[in-house]
Amino acid sequence: QQGADENKREFKKYESYKRETQLPPAVKDLRIMVDNRSQTIIVPISGRPVPFHINAYKNGSKNEEGEYVYLRLNFSTPDTIVKRDEAFENPYAQFLKSITLRSRDAERMNDTFKRIQEMKREATRREQERKELAD
Amino acid sequence: MATQYDAIYFNQSRLYGQIRMSESGLGWKATEKAQGGSAAKVSEPFLLPAKELLSAQWSRGAKGYMLRIQTKTSGVVQLDGFDAESFNSLKNALSNTLDLNLEAREHSMRGWNWGSTDFERNELVFNVGSRPDFEIPYSAVLNSNVVGKSEVAIEFKLQSASERTTGGDEVVEMQFYVPGTVSKDDSDGVKSED
């Protein structure tokens with residue numbers, strides 16, 4: 001019971017940026033990147049930098065295939081959120097569940113994936129501390 | 001009278017170019033020289049006749065601000081790299097030379113992964129709250145599949161490294177969680193759209 005609950009994430013209000021002008025200048029390269037200051041992963045989708053807050057990120061995986069490195073990011077969906085009614089005003093909300101990107105720049109992809117995992121660990125640790133303080 | 005803008009990227013091209021517009025339409029051609037040793041291709045010059053134009057939107061892009069033009073039969077055209085200050089001059093130019101209204105659109109910066117999808121003429125738009133979050137032009141899609149009870153996968157077209165005209169990381173696949181695709185009276189459990 002307890003274990004199953006721990007695997008699920010409660011929904012909290014969060015926001016990556018207030019304004020588009022707050023996006024870091026490096027988004028111009030159209031590469032997946034990590035912005036620690038805003039706890040956000042920025043993913044290039046059809047030429048647009050799209051932020052995803054670390055709270056929306058569930059886990060990911062990395063694969064090397066030929067000359068490419070593939071990064072798959074999995075996001076929280078209703079099956080991973082407790083109290084799902086709070087997650088959205090609209091129960092018919094649709095979710096981006098995962099996105100896979102590829103690049104031939106293995107070193108950068110490895111480093112980006114490491115930074116995403118570190119940011120997630122850090123966010124989970126802080127959340128745990130917050131819960132313990134609240135008890 | 002022709003109006004032009006420099007250092008503009010066409011549909012995520014690696015190299016920037018110049019756009020020119022006149023009463024007859026809008027064109028783009030690469031002006032940046034490819035770096036020596038790079039095997040990737042240079043984008044072909046592009047011409048859009050005035051009669052193809054449907055609407056124009058202005059939003060934050062990657063290189064700067066982006067002009068997106070919805071066309072009748074050529075999908076959506078993305079021109080990225082404008083300065084924020086160019087909005088008024090571009091709006092006037094589009095209005096005067098091509099009778100096209102430039103509409104400013106602010107995208108969601110919340111970082112949420114849930115919202116709603118709209119199937120528009122040339123692209124799928126994912127909205128978060130009342131704002132667009134990202135777009136997927138149909139021309140970028142290779143295939144789509146129903147992969148689970150409530151899941152849809154979209155595979156993207158990919159370019160081989162030597163044929164690539166675009167820059168940056170490539171999106172390979174996306175999966176969406178779509179509630180409501182399961183209906184009780186459908187024995188397969190999946191409702192097909194087509």
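Naming: A, B, ... by sequence-line order, numbering from 1 per chain.
- When all heavy atoms of Y68(A) and E170(B) are compared, the closest pair comes out as CE2-OE1, 4.0 Å.
- A heavy-atom distance below 4.5 Å is not found between the side chains of P78(A) and P179(B).
- In the displayed structure, D99(B) atom CG is contacted under 6.0 Å by at most 12 heavy atoms of other residues, nucleotides or ligands.
- Of the atoms belonging to I41(A), not a single heavy atom falls under 4.5 Å from chain B.
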Worked verdict on R60(B) versus T21(A) for side-chain hydrogen bond (donor to acceptor under 3.5 Å, both in side chains) = CA-CA 8 Å; R60(B) 177 70 162 84; T21(A) 48; over 6 Å; no

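- For the set G64(B), S59(B), A140(B), G129(B), the entry with the most heavy-atom pairs within less than 4.5 Å of chain A is S59(B).
- In this model, no donor atom of one side chain and acceptor atom of the other lie less than 3.5 Å apart for H53(A) and R110(B).
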Are E173(B) and R102(A) close enough, and set up right, to give a side chain to side chain contact (heavy atoms under 4.5 Å, CB included), and what steps lead you there?
-> CA-CA 10 Å; E173(B) 193 208 52; R102(A) 74 171 191 180; over 6 Å; no

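- Of the atoms belonging to Y9(B), not a single heavy atom falls under 4.5 Å from chain A.
- Between Q12(B) and P44(A), the closest side-chain pair of non-hydrogen atoms is not below 4.5 Å.
- Using modelled atom types, no side-chain atom of T77(A) and backbone atom of Y177(B) make a donor-acceptor pair closer than 3.5 Å.
- The residue among G47(A), A56(A), A26(A), S103(A) with the most heavy atom pairs within less than 4.5 Å of chain B is G47(A).
- In this structure, the portion of R72(A) lying under 4.5 Å from any heavy atom of chain B is its side chain and not its backbone.
- Side-chain contact of T117(B) with Q94(A): a donor-acceptor pair under 3.5 Å is present, judged by distance alone.
- Taking every heavy atom of both residues into account, G111(B) and S16(A) meet most closely at CA-OG, 3.4 Å.
- In this structure, the separation between NZ on K97(A) and CE on M174(B) is 15.0 Å, given to the nearest 0.5 Å.
- V50(A) touches chain B through its side chain: at least one heavy atom from C-beta onward sits under 4.5 Å away, while N, CA, C and O do not.
- Contact annotation for E106(B): both backbone and side-chain heavy atoms come within less than 4.5 Å of a heavy atom of chain A.
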Walk me through it: do M109(B) and Q22(A) pass the test side chain to side chain contact (heavy atoms under 4.5 Å, CB included)?
-> CA-CA 9 Å; M109(B) 287 288 126; Q22(A) 294 170 315; over 6 Å; no

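- Looking at R68(B), the atoms closer than 4.5 Å to chain A (heavy atoms on both sides) all sit in the side chain, from C-beta outward.
- Contact count against chain B (heavy-atom pairs under 4.5 Å) is highest for T100(A) among T100(A), I99(A), L30(A).
- Taking all atoms of both residues into account, the shortest heavy-atom contact from D169(B) to I32(A) is OD2-N, 2.9 Å.
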Verify side chain to side chain contact (heavy atoms under 4.5 Å, CB included) between W112(B) and Y14(A), making sure each step is shown before the conclusion.
-> CA-CA 8 Å; W112(B) 298 1; Y14(A) 54 78; 3.3 Å; yes

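- Residue contact with chain B, scored on non-hydrogen atoms closer than 4.5 Å, involves the side chain of R104(A) exclusively.
- Using a 4.0 Å cut-off between charged side-chain N and carboxylate O, K63(B) and D29(A) make no salt bridge.
- Residue D80(B) touches chain A through its side chain alone, counting heavy-atom pairs closer than 4.5 Å.
- The candidate from E15(A), E20(A), K28(A) with the greatest count of non-hydrogen atom pairs under 4.5 Å with chain B is E20(A).
- Criterion: ILVMFWY side-chain heavy atoms under 4.5 Å apart, direct or through other members. Under it, I154(B) and L71(A) are part of a common hydrophobic cluster.
- Both the backbone and the side chain of S98(A) come within less than 4.5 Å of a heavy atom in chain B.
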